[in-house]
Amino acid sequence: MTDIKDLLLSRIRDVPDYPEPGVMFKDITPLLADPEAFTALTDALAELCVRHGATKVVGLEARGFILGAPVAVRAGLGFIPVRKAGKLPGATLSQSYDLEYGSAEIEVHAEDLAAGDRVMVIDDVLATGGTAEAALHLIRRAGAQVAGVAVLMELGFLPGRARVEPALQGAPLDALLTV
């Protein structure tokens, strides 16, 4: 696992003062542009889906779509996008959550998740944990079970894990990298 961690870290670019002064943005676009690194990431996340018995993958808007869709294909699972409110046509389930300043809302198509589904949530970064926590509530409200959450990287200096762990209800939270 050290080799894959080194490969992934070597393809993540630090962008200082983005999107505002004092923030060190972790840019994954160089990783996505490198077929070896992107394949290694996809394989590692797909293996977690299989290990945790997932039957579907949820990708969180927007970078979770980029990672989750190929992971679902690699693991032989269905892919479900969880979008910002107002982006999906038809009947949806929605979940509001608090941000540092204000609130947000995410949605999923009501018919895409059902009892018996075991859902793995995939995203690029676990930061404050609000979106992941909301997704877990949304999955359960749809009648499905949570297989776990898997992210490329966890920002260990932020409280995301502490926020998400109660909502996991014992399901695993896997971060390939902690920065």
Side-chain angles (χ1 to χ4, degrees), residues 1-54 56-77 79-82 84 97 99-100 104 106 118-136 139 146-179:
M1 188 61 144
T2 301
D3 289 341
I4 186 174
K5 286 182 180 185
D6 290 342
L7 174 62
L8 298 176
L9 276 172
S10 74
R11 301 305 189 273
I12 296 171
R13 180 174 59 137
D14 286 343
V15 181
D17 299 319
Y18 184 82
E20 59 188 52
V23 173
M24 181 64 74
F25 185 78
K26 299 293 187 181
D27 180 13
I28 68 166
T29 58
L31 187 157
L32 300 173
D34 180 319
E36 179 188 3
F38 194 15
T39 298
L41 172 60
T42 301
D43 288 347
L45 292 172
E47 192 277 324
L48 289 170
C49 290
V50 171
R51 181 187 321 159
H52 298 313
K56 292 202 175 150
V57 170
V58 153
L60 303 180
E61 188 166 345
R63 289 181 298 264
F65 297 173
I66 296 168
L67 302 184
V71 166
V73 169
R74 181 65 48 97
L77 307 174
F79 175 76
I80 312 296
V82 168
K84 295 174 183 168
Y97 61 101
L99 300 168
E100 187 175 357
I106 55 173
R118 287 188 44 80
V119 182
M120 184 67 113
V121 176
I122 301 287
D123 206 3
D124 65 329
V125 175
L126 177 64
T128 61
T131 308
E133 177 190 38
L136 297 175
I139 289 163
V146 173
V149 173
V151 297
L152 165 58
M153 70 183 121
E154 177 180 354
L155 303 181
F157 56 90
L158 292 174
R161 183 172 289 268
R163 182 172 181 175
V164 171
E165 280 183 335
L168 283 164
Q169 299 178 7
L173 169 55
D174 294 293
L176 299 180
L177 304 171
T178 300
V179 296

How about Leu48 and Leu176: do any of their side-chain heavy atoms sit closer than 4.5 Å? yes
Backbone N or O of Gly22 within a donor-acceptor pair of the Asp17 side chain at under 3.5 Å? yes
Under 4.5 Å between any side-chain heavy atoms of Ile80 and Val119, yes or no? no
Nearest heavy-atom approach of Leu67 to Phe38 is CD2-CE1, 4.0 Å
Are more than 12 heavy atoms from other residues, nucleotides or ligands located less than 6.0 Å from atom CZ of Phe25? yes
Let me confirm one number: the CD-CG distance from Glu36 to Leu31, rounded to the nearest 0.5 Å. 10.5 Å
For Asp14 and Pro16, work out which heavy atoms get closest and say how close. O-CD, 3.6 Å
Report the distance from atom CD of Glu61 to atom OG1 of Thr131, rounding to the nearest 0.5 Å. 10.0 Å
If you take all heavy atoms of Val146 and Arg118, which pair is closest and at what distance? O-NH1, 4.2 Å
Sub-4.5 Å side-chain heavy-atom contact between Leu152 and Val125: no
Assess whether side-chain contact (heavy atoms from CB on, under 4.5 Å) is satisfied between Ile139 and Val82, documenting all intermediate values. CA-CA 10 Å; Ile139 289 163; Val82 168; 5.9 Å; no
Closer than 3.5 angstrom, by distance alone: can the side chain of Ser10 be matched with the main-chain N or O of Leu7 as a donor-acceptor pair? yes
Of all heavy-atom pairs linking Phe79 and Phe65, the shortest is CZ-CA, 3.9 Å
Using only atom types and a distance under 3.5 Å, with no angle test, would you say the side chain of Arg74 pairs donor to acceptor with the backbone of Thr42? no
Heavy atoms only: give me the nearest Leu126-Ala132 pair and the separation to one decimal. CD1-CB, 4.4 Å
Do the non-hydrogen side-chain atoms of Leu41 and Ile28 ever get within less than 4.5 Å of each other? no
Are Ile122 and Leu60 side-chain neighbours, meaning at least one heavy-atom pair lies under 4.5 Å? no
Please examine the side chains of Ile12 and Leu177, heavy atoms only from C-beta on, and report whether any two atoms are closer than 4.5 Å. yes
Does Arg63 CZ have over 12 foreign heavy atoms under 6.0 Å away? no
Nearest heavy-atom pair of Ala54 and Leu77: which atoms, and what distance? O-CD2, 3.4 Å
The residue among Arg51, Met120, His52 that forms side-chain contact (heavy atoms from CB on, under 4.5 Å) with Pro172 is His52
